[in-house]
Each structure stands twice: as C-alpha cells, then as structure tokens.
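As the structure is a prediction and not an experimental result, all values here were calculated from the model.
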Amino acid sequence: MKKRFIYYVTLFVTAFSCSDDFTQLPAVGALSDQALQNEVGVDLLLTGAYSTLDGIRNNQNADEWTVTGDNWWLDVISDDAHKGSTDGDQANLFEIERFSWETANTYFFGKWVGLYAGVNRANAVIDLISKITEGDFTAKEAEARFLKAHYNFELQKIYGAPAFISVENYSNTEFNQPNPGPIWDEIEADFQFAINNLPTTINASEPGRANAWAAKAYLGKTHLYQGEWAQALTILKDVIDNGPYALHANFVENFNESGENGVESIFAIQFAADGGLSFNGNRGATLNFPNGGPINSCCGFYQPTQDLVNAFQTDANGLPLLDTFNQTDFKNDYGVTSQEPFTPDTTTPVDPRLDFTVGRRGIDYNGWGEMIGKDWIRADFADISGPYLSTKNFYQAGDDGNRGTGDWGQQRAGINYNIIRFADVLLMAAEAAVETGDLALALEYVNRIRNRAKTMPKVQAVNGPGDAANYVIEPYASFADQAFARKAVRFERRLELGMEGHRLFDLRRWGVAEQVINTYIANEARTIPNITAKFLQYQSRHDRIPIPLNAIDLSGGVLQQNPGF
C-alpha cells in the first residue's frame, strides 16, 4: 500500500472543521477551540485542505465524478474526449458534451461546491493561525495560501467570474460575496506569499506538499493565462533552470506508481489504493475504465476522440501534420464487432505517445494484452462515444499498488494526478518564449519533449516481435517564424498532455475554442455519423461554465450569471 500524508483525514478532523459548502455558515466557534490552537490543530486542518484537492468533501454523498480533481469531464467539452459509455448514462454530462447547457446542471454545481470547499478549508487554516499567539506558523500559512490560490485558479479558469472569499469574509461568515470579474490579483498574491515563505526543498517523507518551486510554476501559469508573457517566461525559466525537476526518461512513468512524486512531478493529487475499499483512490474518475476488459471493470466513460487520434499522425520525417492531420482518419474499428476481423494500421507514421494515451483495437493495452475492440467498449454503435479507451488513468499491468475498488465494485485508482508536471512547465515556457520572440528557446523546450518521446520504450506488437505501429518522431530542425512556432507549441501541448484535463482551457485562452471545436464536430462525423444530429454548436458563451443556478439562489441573488445564460 502506498503511504500518503494527504488523505489520512480522520473523523477527528472533520468534526472540528467548518462547513464545506459555499453558502452555508461554518461552525466557526469550533475553530476557535483552544484545543486546535497549536501545531497539531494547524496540521489537522491543513491536511483537510489538501484532502479536498480531489473535490470530495465532508457532506459528499453521491456523484463523486462531478467534483473530480483531474477535470476529466471538462475534457469532454473539448475535441480530446467524448463523455463515453451510452448516451443515456449520466444524461447531465451528455447534455454538457453536446452543448445543451442548463444552469441547474449537477456537474456545474458539484464542481463549484467542491472547489469552494477547498477555499473554505484553506481559509480555516489561515484564520486559525491568526489566533495563535505563540510559535511561527508562516510556512504553514504559506501552504494554506498556496492551496487557496490553486482552488481559486480552478474557479477562475472554469467559471471566469467567481466570488473571492477572503479570510475576513470567512471569519465573519460573510460568504455571499459578489462576482464582478476576474480574481487574478488575489491568486497572484497568494502564490507570491507561498514563494516567499515555502521551502525550496522537496519533502521526501511527505510527498505532495507544496514547495516554493511549485508555487513559482503555478504563478508562471497564472501569468500565462493572462497573456503576461514576459513575466510568465521569467518565472517558468527559473523553475526550468534552477528547480529540482526534469523529464522522466519514459513518458509512461508519469502514470504509474514507480514514477509518482518523481523528478517530473511538480504538484500532484496524492491518490492511494488502500486495499479493500479505497477511500483514498481517485473517486472522481471511478467511471472511466473499460467495460469489462482485462480486469472486469466499469463503466466505459471518458473515451478519446478520433480527432485526438488523428493528431498523433506524423509525416515521413517524424513531424506533426499541423495543418492536415484531420484530412485523413487514422484507421479505427468503429462499427466492427469484436467477433469480426480487424487489422490495425501498422504503416502510417504515428507519434509513439499515441498508444500511451489512447487504447485502440489490436494494440497492447497498458501491458494487459491486446485491446479487443467493441467487447471492451460500453457504448453502442448508435451512441456518440466512438471506439477508443483512455489509458493514462488505467493501471499498468503489474502496477498492483495503484489498484483500488469502491463500495459497488467500481475502480478507484491510486494513480497520482499531476496538476503540474515538468513537461507542462517546458511547454508553457515555450509558449511564452514564442510570444516574446525567443523562437530559439521555444524550439529548445519543445524538442526536449519530442526527444523524450523519440527515445522512450515503444508499445510492442502483441503477435510477434517489434513495435506495434510505425512509430516515427523527430525533433524540429527549426521554427521558421513566430506563426509556425506558435502553431507547433500549441500542437505539442495536445500531444504531450492529451487526456490530462488541459485541452479545453488551452483552447479558451488562445481564443480559438469556438472555431476548433465546431470543426472537430464536423470532422468527427466521418467516424461517428450521427454526431452532428445530436450536437449543438459551440458558441462564445461556452467559453465560461455558467454560474450554477443553485449557487445564485443560495446567495440571495448576490452572484451574477455569466453572459449568455
């Protein structure tokens, strides 16, 4: 069993912590209990603040997938993933995927409440520390402010105009705050406090705790999201040049136990499969496993798109087809049963990261043997989820320490989720370098990613020696101009970070979501013919998730709805 400090939150903690809900009054008197005003009390509440990284809170009863910390269901809005399973299962998410958005959708509210639970828990730590008269708790406050900044960053990037709950609002139980616009300044201030007061060393005995380097990486990301390119590059370059991080030699090490909290992990949700019922496993992603499949799992959600698969095609020189990747569909078995013959494409050049991101028929699936197609896919051919499986969230064969179960037999993986990993930092820095005109630096960072993909072990054929596909990848020789470099960096983010919950937010901040997603819907219809009849169009209003109707009602109308809803 993997040992993790973050999720060992006992009933003792929850008995003394505040209400997690955004609009309910907390038991503030319990926090001022003299018994908590010491190092043990601070650590208990801080552990509670970390534990909400997965969105699960004290009063969580069901639908844990709506609050998931890895943002998988937000990928479903992008061109990377389908909801998966049958159209009728989790109908609220199906409506989100097809852009029929209602402000009362339980997914929108679940995510909102889960993130504000994190904000409240972080505020509880800061408030408690302010009441302690002896001892130095500056580093603990810095951890709490880092976590608060993380939760607020998620609220900002998802909803666009969240309310900011200050420690003063928290201590006075004045939770119903207005949401007039972005809260970037508050996020930056908390990350800067964390940079100034957290250690620069990694705590090997308690992996998962924030450090100053993680705060720098996150502050760089915050500047990147605001288009503050020079500031972002300066900070991210410091993390790259001087921080304790590097790329794993093998890409797949980011998604198995042996690579967790290793050199590439900057800040991660610490999941653990505890044996028996895995309460510390990834409860938010519990639906996202093959239908039956190699371990008789459930429930067939979160399936990669044909569009994503097409993106991994390369030319004869091993470079991406930046403008033409979707002109030809990579061979798939949609509409073919497992009993009917199918031979996967072994001649078209593809990036080797394809088969560590997407499970497809005829190819080894995470070491479990050949993926046999439709019999592992829950969706019917009349549904819009396609023929593929996700792989990054599924255990590698032999990675038994990450295998966990739930109370109705579902899977709760112990695979850590990297909120920020070093490859992401390299690509954010490359993006900032492009926008500041340093194409040589952008080229260097992108090629570090591509050279790792070139030299890493490849998926092997299931019926004989050799590679499973025609894996061809090479670094770029040069970036001809800024426009080409921008396109190459953005494309590389998709290849490297596909099915990791980043794609929607990249498209939004680049200002291309409407164009890219509507083009994807039209192209996906070549593989799934009935998709256009079921989908509405992505519109500019979809660049923000609506403020949940329940939150507006509970606030007494203080919260204002996003435009268009």
Engineer: Take Thr66 and Asp63, measure what side-chain hydrogen bond (donor to acceptor under 3.5 Å, both in side chains) needs, and give me the verdict at the end.
Structural biologist: CA-CA 6 Å; Thr66 68; Asp63 295 346; 6.0 Å; no
Engineer: Which atoms form the tightest heavy-atom contact between Ala453 and Ile473, and what is the distance?
Structural biologist: CB-CD1, 3.6 Å
Engineer: Would you say the side-chain atoms of Asp315 pair up with the backbone N or O of Leu319, donor to acceptor, closer than 3.5 Å?
Structural biologist: yes
Engineer: With the threshold set at 4.0 Å, does a side-chain nitrogen-carboxylate oxygen contact exist between Arg503 and Asp75?
Structural biologist: no
Engineer: Tell me if the centroids of the rings in Tyr365 and Phe394 come within less than 6.0 Å of each other.
Structural biologist: yes
Engineer: If the condition is ring-ring contact (aromatic ring centres under 6.0 Å, His included), which residues does Phe251 pass it with, not counting sequence neighbours?
Structural biologist: Phe255
Engineer: May I ask you to check whether Phe289 and Tyr302 place their ring centers less than 6.0 Å from one another?
Structural biologist: no
Engineer: Residues two or more places apart in sequence or in another chain: which of them pass ring-ring contact (aromatic ring centres under 6.0 Å, His included) with Phe356?
Structural biologist: none
Engineer: Where the side chain of Asn393 meets the backbone of Asn288, is there a donor-acceptor pair that is under 3.5 Å apart?
Structural biologist: yes
Engineer: Should the pair Arg360-Asp333 be classified as a salt bridge under the 4.0 Å nitrogen-to-oxygen rule?
Structural biologist: no
Engineer: Got a salt bridge between Glu97 and Lys83, using NZ or NE/NH1/NH2 to carboxylate O under 4.0 Å?
Structural biologist: no
Engineer: Within 45° of the six-membered ring axis of Phe381 and under 6.0 Å from that ring's centre, is NZ or CZ of Lys374 located there?
Structural biologist: yes
Engineer: So which of Asn402, Asn256, Thr391 actually passes side chain to side chain contact (heavy atoms under 4.5 Å, CB included) with Gln396?
Structural biologist: Asn256
Engineer: Without swapping roles, check the side chain of Glu524 against the backbone of Gln306 for a donor-acceptor pair under 3.5 Å.
Structural biologist: yes
Engineer: So Arg361 and Ser338, side-chain hydrogen bond (donor to acceptor under 3.5 Å, both in side chains) or not? Walk me through it.
Structural biologist: CA-CA 9 Å; Arg361 183 169 176 181; Ser338 293; 5.1 Å; no
Engineer: Do the side chains of Glu143 and Arg209 get close enough for a salt bridge, i.e. N-O under 4.0 angstrom?
Structural biologist: yes
Engineer: Flag this pair as yes if the NZ/CZ of Lys157 is under 6.0 angstrom from the six-membered ring centre of Phe505 and inside a 45 degree cone about the axis; otherwise no.
Structural biologist: yes
Engineer: For the aromatic rings, using the six-membered ring if either is Trp, is the centroid distance between Tyr218 and Phe153 under 6.0 Å?
Structural biologist: yes
Engineer: Is the Phe330 to Phe312 ring centre distance short of 6.0 Å?
Structural biologist: no
Engineer: Keeping the roles fixed (side chain from Asn250, backbone from Glu253), state whether a donor-acceptor pair exists under 3.5 Å.
Structural biologist: no
Engineer: Would Glu431 and Arg509 pass as an ion pair if we require N to O under 4.0 Å?
Structural biologist: yes
Engineer: Using a cut-off of 6.0 Å, state whether more than 12 heavy atoms not belonging to Lys237 lie near its atom NZ.
Structural biologist: no
Engineer: Mind telling me whether Phe108 and Trp73 have parallel, tilted or perpendicular rings, with 30° and 60° as the class edges?
Structural biologist: tilted
Engineer: Does the distance from a Lys or Arg side-chain N to an Asp or Glu carboxylate O, for Asp79 and Arg494, drop under 4.0 Å?
Structural biologist: yes
Engineer: Any salt bridge linking Lys216 with Asp238? Criterion: basic side-chain nitrogen under 4.0 Å from a carboxylate oxygen.
Structural biologist: yes
Engineer: On a heavy-atom basis, which atom in Gly498 and which in Asp80 lie closest, and how many Å separate them?
Structural biologist: CA-OD2, 3.7 Å
Engineer: Look at Asp467 together with Lys458 and state whether they make a salt bridge at an N to O cut-off of under 4.0 Å.
Structural biologist: no
Engineer: Apply ring-ring contact (aromatic ring centres under 6.0 Å, His included) to Phe342 and list each qualifying residue two or more places apart in sequence or on a separate chain.
Structural biologist: none
Engineer: Start with the C-alpha gap between Thr347 and Asn470, add the side-chain angles, then the distance that decides, and say whether side-chain hydrogen bond (donor to acceptor under 3.5 Å, both in side chains) holds.
Structural biologist: CA-CA 5 Å; Thr347 59; Asn470 182 22; over 6 Å; no
Engineer: For Phe146, which of Tyr50, Tyr151, Phe191 qualifies under ring-ring contact (aromatic ring centres under 6.0 Å, His included)?
Structural biologist: Phe191
Engineer: Is the side chain of Thr405 donor-acceptor paired with the backbone N or O of Gln410 at a distance under 3.5 Å, no angle test?
Structural biologist: no
Engineer: Closer than 3.5 angstrom, by distance alone: can the side chain of Asn242 be matched with the main-chain N or O of Val239 as a donor-acceptor pair?
Structural biologist: no
Engineer: Who passes ring-ring contact (aromatic ring centres under 6.0 Å, His included) against Tyr245, sequence neighbours left out?
Structural biologist: none
Engineer: Can you list every salt bridge (Lys or Arg N to Asp or Glu O under 4.0 Å) pair that touches residues 386-404, not counting sequence neighbours?
Structural biologist: Lys392-Glu500
Engineer: How would you list, by chain and number, every residue that makes a salt bridge (Lys or Arg N to Asp or Glu O under 4.0 Å) with Arg448, sequence neighbours excluded?
Structural biologist: none
Engineer: Short question: side chain of Gln303, backbone of Ser385 - any donor-acceptor pair under 3.5 Å?
Structural biologist: yes
